Every structure is written in structure tokens, then in C-alpha cells.
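Here the structure is laid out as C-alpha cells; the discussion comes afterwards.
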Number of protein chains: 2
Amino acid sequence: MTTRAEATRARLQSAALDLFEQRGYRAVTVEEIAAAAGVSHMTFFRHFPTKERVLLDDPFDPVIAAAVAAQPAGLPAIERVARGLLSLVPLLDQEPTASARRGIAIAAREPELQAGMAANTAATERAIVEAASLPGGEQGMRVAAAACLAAVTTVLFAWALEGTSRTIGALVAEAVTTVVPALADAPVPAFAGATP
Amino acid sequence: MTTRAEATRARLQSAALDLFEQRGYRAVTVEEIAAAAGVSHMTFFRHFPTKERVLLDDPFDPVIAAAVAAQPAGLPAIERVARGLLSLVPLLDQEPTASARRGIAIAAREPELQAGMAANTAATERAIVEAASLPGGEQGMRVAAAACLAAVTTVLFAWALEGTSRTIGALVAEAVTTVVPALADAPVPAFAGATP
DNA sequence: GAACAGATGTTAGTGACTAACACTTGAGTC
DNA sequence: GACTCAAGTGTTAGTCACTAACATCTGTTC
């Protein structure tokens, strides 16, 4: 069931993506996005708290957190996070990635939006720590999550910007094994959790 | 020699820090900072491009980049960055840290400022890649730099927020060895490069 | 068709940031 | 001391992201 609000939200997102690609993020005003979607600027801000959130909408947190939590608790934090991310690789390659790539490519070109992606990362980091950390081991898990997510973000930018034909999954795997080289040889079982 | 511009800039920074601590970053306007420093808001923007940059001023990039570049080029990227950061630990504990801690503590409490710190991190990342990467190995070095810097940023936040009595250096060492556990046992020679 | 709630519009702000232009201050020159 | 020149600063008038308060519309339910 698609409610009216969901339809408006989708129109806003689509219009924003088009306009950003045509003229750049900075040059497009919220007014223009709203007008292109046939609504007022107030309606824009009821659906997205800031201009940048129309582009950086990341519903993946719970999946990632669950994948990390599913790894053996006895491992060092960094390896646990790395293996959790690796287990998501097959799932990543199934997802529709065209619009995600458009959004990330725009973000990768604008420094202020890269800061916005960092906010996403911080949220994902919190989700991982809450889902997976052992009592007393929070700091280590937080550090490990931050490190791995930063690595993944880096390759996502490269993926969106360069004309790489490789899949997201392959690049994420490369990022993770850059951080934990030992995982390059040891295959990790795919994560069987629910899709978002 | 202290020029007039430098004095104004220092007054603005000092006034901003005081006001932010008293009433929170959001609640303080640029007008108020400028007034407290005895100048107009335009003068503020001539010294700092944005409100957040008055707080997040990070001159450490070249030192970090040099420390990483000084590590053996044959190592895996992640280990090279990690060892570079570890070599800076003694230097970190020498630096005056009081005002740095004040600034980071304010940033750690405000999500929008954490995004700003991410911008700093991105700049440091570029500096590392440019100084240290081998031809063809850029992507791996970029990923490694992002991962290690994110780990360090995480402990810096913890350091500034909690009443930890431990030194910055000790916490940075802990962050790095969380990312590369193998380095916990192998001591790394101190970096002898110039201070900023 | 009346009532009600969710969705949207209008209006009037605040505050970060920019551009253009005028003014002041200080160091060196004659 | 008046003169010059540039760096530093002020004034003014904007644009745009974002907020608050209140009015209106639209679809659903009874």
C-alpha cells in the first residue's frame, strides 16, 4: 500500500536527484525541489529534516548491526565487525543499486555531503555497538565499527565516482580485507538475516 | 611576531570557545562571537569560512602524513598507517592539550560538528595518501587511512567526553591496536619529524 | 454528510553566509 | 608632518536553509 505521504516523499527524492545531477547540489534550492515535486517548501521539510537528508537516506543500519551481532562473540572486535560486513556481500549484490549509486556519486563530489555521510556512519556505528557489544567491551567495538565503516565508505565513493564495473560486494570485500588482511583467505558464511 | 589579524583571530577563537561552553554550540550566534571579540560578523567570516571552523582547526595533517610515509613501504597499507600513528604517540603526550580537549568535547556533543570533524579526517586522509602511497596502491592506502583515522577520532571523542585520566597517546595507541591487534606486542619507534 | 486526522499551504520569522563598497589603521616614504 | 599604499575592518543589502504558528484541504469512517 502506497500512502499519499509516501508518494510525495518519493516524488521529492526523485526530483532532487534529477536536479542535483543537472546543476549540482549547491545550486539547487529546496524551493526548486519542492516546486518540481508539486509541493511547497514546508512539505519538503516535513518529509526530510534537512536538504542533505533527501539524498542520504540509509535504511541499512539494522541489517548491518544484526550481521555483526551474528558473528562469534569470542573474536576480537575488529574481526567480528569485518566478518559481519563480509557476510553481507552476497546480499549487497542482489539489491537494486542504480539510484543508490546516483546518490552516492553526488555526495562524493560535495565535501559538505561527505560530512553528512559521516552522520550516517555514526548512526550505523551506534547500532552495531548496541546490537553486538559485550558488557565492558563497548569502546573496542565502537572503534572497530568506526574503522570498518570508514573503510567501506571510502570504497563506496570510489565505486560511485569511477566507472568501475565491479560490484559493490566485491569492493566492500576488498575494503574489509584491507583492514583485516587475514580475512582475505578465510571465507565467511553469508548472512541469512532479513532484508530491510 | 603577532600581527593584528592573528590577534583578532585568537580573540574570536577564545570567545567562541567560552560562549560554546556556556550555552552550547547551537545557541550561540556568529554575531555574538564577533561582538564578544569586539568585531563585526563580517570580520568573523574573513578569519573562518564557517561557524564550525572556529572550533575545528586542525594543523596536524602534515605531521601525520610524514609519520606514515616514514614507515617501511613494503608493509600492508593498514599496518603502515597504524605504525605511523603509533610513532606519534610520544609526541601527542607532549603537546598542550587543554584547549584541544575543550574543542573536541564541544564537537563530540553536537552531531553536526561530528560531521565537521569528518571533513578534517578527509583532509588528513588525502594528505596521507599523497605523502605515502605507492603508484597503483592508492586505493588500499586510502581505505587504510580512513579506517585508522576513524578509530582515532572515536577515542578522541571518548577522551574529551568522559573524565578519563589517561593521556591522548595511550588512547590513540589503544585505538590503533584495536584495528591492528598484532601491533599490541611489537613496539614501534617514535617519529622524529618536525612539530607543527 | 458529518466528523476527524493526516497531509499540505501560508506567512513571518531567525541565522549562516555572500557580495559590493566604503572606511580605518599602521608602516614606510618623501 | 603630509602622502601612499595595503591590510584589516565596517556597513548594507541581499540569498537560502530551516522553524513556528495557524489555516486549509483531502480522504476515510461512521
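First the proteins, then the strands, lettered A, B, ... as listed; each starts at 1. Note that the structure is predicted; figures quoted are calculated from it, not measured. Below, each value reflects all heavy atoms present in this structure, side chains not excepted, and no hydrogens, waters or symmetry copies.
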Next on the checklist: Taking the basic N atoms (NZ, or NE/NH1/NH2) and the acidic carboxylate oxygens, is any pair closer than 4.0 Å for B:D58 and B:R53?
Outcome noted: no

Item to check | B:E79 and B:R83 ion-paired at < 4.0 Å | outcome: yes

Checklist entry - So, do A:F60 and A:T124 sit near enough that their side-chain heavy atoms are less than 4.5 Å apart? => result no

Item to check | Rounded distance (Å) that lies between atom C1' of C:dT8 and atom CZ of A:F44 | outcome: 15 Å

Item to check | Test applied, side-chain contact (heavy atoms from CB on, under 4.5 Å); reference residue, A:V143; option that passes from B:L171, B:T178, B:V176, B:T177 | outcome: B:T178

Checklist entry - How close or far is atom P of C:dC17 from atom NE2 of B:H41, stated in whole angstroms? => result 11 Å

Checklist entry - Does a side-chain N-to-carboxylate-O contact under 4.0 Å join B:R102 and B:E21? => result yes

Checklist entry - Atom CG of B:L55 and atom P of C:dA16: how far apart are they, to the nearest Å? => result 14 Å

All N/O contacts under 3.5 Å from nucleotides 3-9 of chain D to the protein, with atom names and distances to one decimal?
| from | atom 1 | to | atom 2 | distance (Å) |
| --- | --- | --- | --- | --- |
| D:dG8 | O4' | B:R4 | NH2 | 3.3 |
| D:dT9 | OP1 | B:T8 | OG1 | 2.5 |
| D:dT9 | OP2 | B:H47 | NE2 | 2.8 |

Checklist entry - Taking atom P of D:dA20 as reference, at what distance in whole Å does atom CE of A:M42 sit? => result 9 Å

Item to check | Side-chain ion pair, A:D57 and A:R9, N-O less than 4.0 Å | outcome: yes

Next on the checklist: Given the ring of A:W159, does A:R166 sit roughly above its face, with NZ or CZ under 6.0 Å from the centre of the six-membered ring and within 45° of the axis?
Outcome noted: no

Checklist outcome for this item: Whole-Å distance, A:E112 CD to D:dA17 C1', equals 11 Å

Checklist entry - Given atom NZ of A:K51 and atom C1' of D:dT19, what is their separation to the nearest angstrom? => result 17 Å

Item to check | Spacing between A:E31 atom CD and D:dT19 atom P, to the nearest angstrom | outcome: 15 Å

Checklist entry - In whole angstroms, how far is the P atom of C:dA16 from the CZ atom of B:F48? => result 15 Å

Next on the checklist: Rounded at 0.5 Å granularity, tell me how far CZ in A:R46 sits from NE2 in A:H41.
Outcome noted: 9.0 Å

Checklist entry - Which residues within residues 16-29 of chain A lie with some heavy atom under 4.0 Å of an atom in DNA chain C? => result none

Checklist entry - With a distance cut-off below 6.0 Å to the six-membered ring centre and an angular limit of 45° from the axis, does B:K51 pair with B:F45 as a cation-pi contact? => result no

